[in-house]
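For reference, the structure discussed in these notes is given below.
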2 protein chains.
Amino acid sequence: MTQVRPMRADARRNYERLLKVAAEAFAEHGEGASLDDIAKRAGVGSGTLYRHFPTRQALLEAAYVDRIEALAARADELGETLPPGEALVEWLNELCAGTIEVRGMKALLGSAVTDGSVAAVTACGTSMKGAATRLVSAAQAAGVLRGDLEPIDVLRLAHGVATASELAKGDGTVIRRYVGLLLEGLEA
Amino acid sequence: MTQVRPMRADARRNYERLLKVAAEAFAEHGEGASLDDIAKRAGVGSGTLYRHFPTRQALLEAAYVDRIEALAARADELGETLPPGEALVEWLNELCAGTIEVRGMKALLGSAVTDGSVAAVTACGTSMKGAATRLVSAAQAAGVLRGDLEPIDVLRLAHGVATASELAKGDGTVIRRYVGLLLEGLEA
DNA sequence: GCACTAAACGGAGACTGTCCCCGCTTAATT
DNA sequence: AATTAAGCGGGGACAGTCTCCGTTTAGTGC
């Protein structure tokens with residue numbers, strides 16, 4: 001489904017360099033980091049960057065897929081080790097923290113959560129939705145979460161809480177507080 | 001505190017034209033609308049625009065002050081005609097709807113809500129915080145809202161809910177739903 | 001090894017947007 | 001009518017995005 005031919009060696013090299021540099025650049029300058037600058041820092045021409053990643057979104061996604069997959073995997077891990085309610089609380093906390101910590105990931109997760117989003121972010125969106133679905137269903141089955149909630153609602157609201165927490169610049173404790181408040185509203 | 005001299009007639013004329021055009025442009029193209037284009041549409045040079053409004057934020061604020069003041073005023077209106085709890089619900093609904101409806105206002109309100117924000121947005125921030133404080137205090141006094149909430153928390157969370165609702169493109173009913181969920185978490 | 005070819009490169013350049021600067025214009029004042 | 005400073009406005013430097021196309025090079029068959 002991906003490539004018929006394997007990538008040429010130089011192409012693969014550049015691809016990975018770009019990814020590494022991009023992650024640094026986004027972390028440093030936020031999601032608005034200059035793409036030409038990223039290309040330059042990776043020692044390639046801008047043409048090369050745009051060939052590999054046609055849009056900023058595409059690069060953003062590629063740079064953070066692993067991080068997002070890790071968050072999704074974490075959901076399952078928590079789901080196995082904690083009772084459903086606590087697993088959900090903890091996951092939402094980590095999700096929000098991650099969203100804020102990695103500057104630029106917010107825009108990415110936002111579009112991953114949006115329905116009918118760009119094809120580029122589908123992979124991420126699917127992982128997150130899958131992870132959310134499992135935790136949400138478990139919590140609902142255990143009777144600790146309202147039954148009228150869809151997983152997508154939970155993801156959207158988490159995104160909202162992350163945004164809200166971000167407005168309280170520098171106060172790290174606020175995330176847990178706001179997640180806590182949100183969850184009281186979502187309890188069964 | 002504002003001007004020692006009154007503004008020259010042509011200056012005032014341009015100022016108001018810019019404001020009007022800017023509101024249209026932001027509504028049409030979102031908060032990223034081209035400033036030079038706004039200047040052109042208003043029939044002035046870009047220098048004139050930048051003299052009146054040194055930053056995008058400044059223009060954004062000026063274009064929407066009246067709208068924000070209206071929202072703040074609405075808080076008092078609701079506070080007088082409805083019981084505290086319902087007033088708060090209704091106000092948050094209108095606030096979120098307004099935030100989403102007027103594209104570009106989100107960024108503005110965001111910085112108005114942020115502590116230690118730019119001087120430019122202080123006026124808006126003050127109105128909103130004042131309005132929020134009155135509604136929140138009343139609701140707390142009536143025992144329908146948790147006592148450990150600051151008005152700024154409520155504003156931040158409202159902003160978060162607006163963001164969350166926005167992710168559900170096109171579904172207008174979702175705002176009330178999400179505001180409702182939030183408020184269940186904030187109840188005393 | 002060598003020649004061949006398609007994949008990949010890269011940077012010039014067109015375009016758009018931001019923002020400042022400074023010579024010119026004009027409203028207000030006497 | 002003369003004066004003057006507030007205000008004007010567009011030219012231009014700069015930064016970013018994205019494309020096009022001539023050049024280079026990895027991989028392959030002989």
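Predicted model only: the values in this text are computed from it and were never measured.
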Salt bridge (charged side-chain N to carboxylate O under 4.0 Å, His left out) against B:E184, all qualifying residues, sequence neighbours excluded
A:R146
Nearest-angstrom distance from the residue atom CG of B:L49 to C1' of C:dC21:
16 Å
Mind checking the CD1-CD spacing from A:I175 to A:E166? Nearest 0.5 Å is all I need.
9.0 Å
Are OP1 or OP2 of D:dT25 and a side-chain N or O of A:R8 less than 4.0 angstrom apart?
no
Whole angstroms only, please: what is the NZ-P distance between A:K40 and C:dC9?
18 Å
Anything under 3.5 Å between a protein N or O and an N or O of nucleotides 10-16 of chain D, put it in a table, one pair a line.
{"unit_1": "D:dG10", "atom_1": "O6", "unit_2": "B:G47", "atom_2": "N", "d": "3.4"}
{"unit_1": "D:dG11", "atom_1": "O6", "unit_2": "B:S46", "atom_2": "OG", "d": "3.4"}

Fit a plane to each ring of B:H52 and B:Y15, take the angle between them on a 0 to 90° scale, and name the class: parallel (under 30°), tilted (30 to 60°) or perpendicular (over 60°).
perpendicular
When the distance from CZ of B:R41 to C1' of C:dG17 is rounded to whole Å, what number comes out?
15 Å
Main chain of B:G98, side chain of B:R67: is a donor-acceptor contact present, judged purely on distance under 3.5 Å?
no
Nucleic acid contacts - residues 9-23 of chain B versus DNA chain D, non-hydrogen atoms under 4.0 Å
B:D10, B:A11, B:N14
Protein-nucleotide distance (B:F53, atom CZ; C:dT18, atom P), rounded to Å
15 Å
Can you tell me the distance, in whole Å, between the CG atom of B:D37 and the P atom of D:dG9?
16 Å
Test salt bridge (Lys or Arg N to Asp or Glu O under 4.0 Å) on B:R13 and B:D10; report intermediate values, then the result.
CA-CA 5 Å; B:R13 228 183 355 256; B:D10 53 348; 5.4 Å; no
Contact check, side chains of B:L92 and B:V161, non-hydrogen atoms, under 4.5 Å
no
When you compare the side chain of B:R156 with that of B:D153, does any pair of heavy atoms fall below 4.5 Å?
yes
Distance, nearest 0.5 Å, that separates NZ of A:K20 from CZ of A:R41
11.0 Å
Atom pair distance, as rounded to whole Å: CD in A:Q57 and P in D:dC18
12 Å
Contact between A:V154 and A:L157 at the side-chain level, heavy atoms closer than 4.5 Å - yes or no?
no
Rounded to whole Å, how long is the line connecting atom CD of B:E31 with atom C1' of C:dT18?
15 Å
Please report, rounded to the nearest Å, how far the C1' atom of D:dT17 is from the CG atom of A:L59.
13 Å
Quick check on C:dC20: is either OP1 or OP2 less than 4.0 Å from any side-chain nitrogen or oxygen of B:Y50?
no
Taking only side-chain N and O atoms of A:H52, does any of them lie within less than 4.0 angstrom of OP1 or OP2 on C:dA8?
no
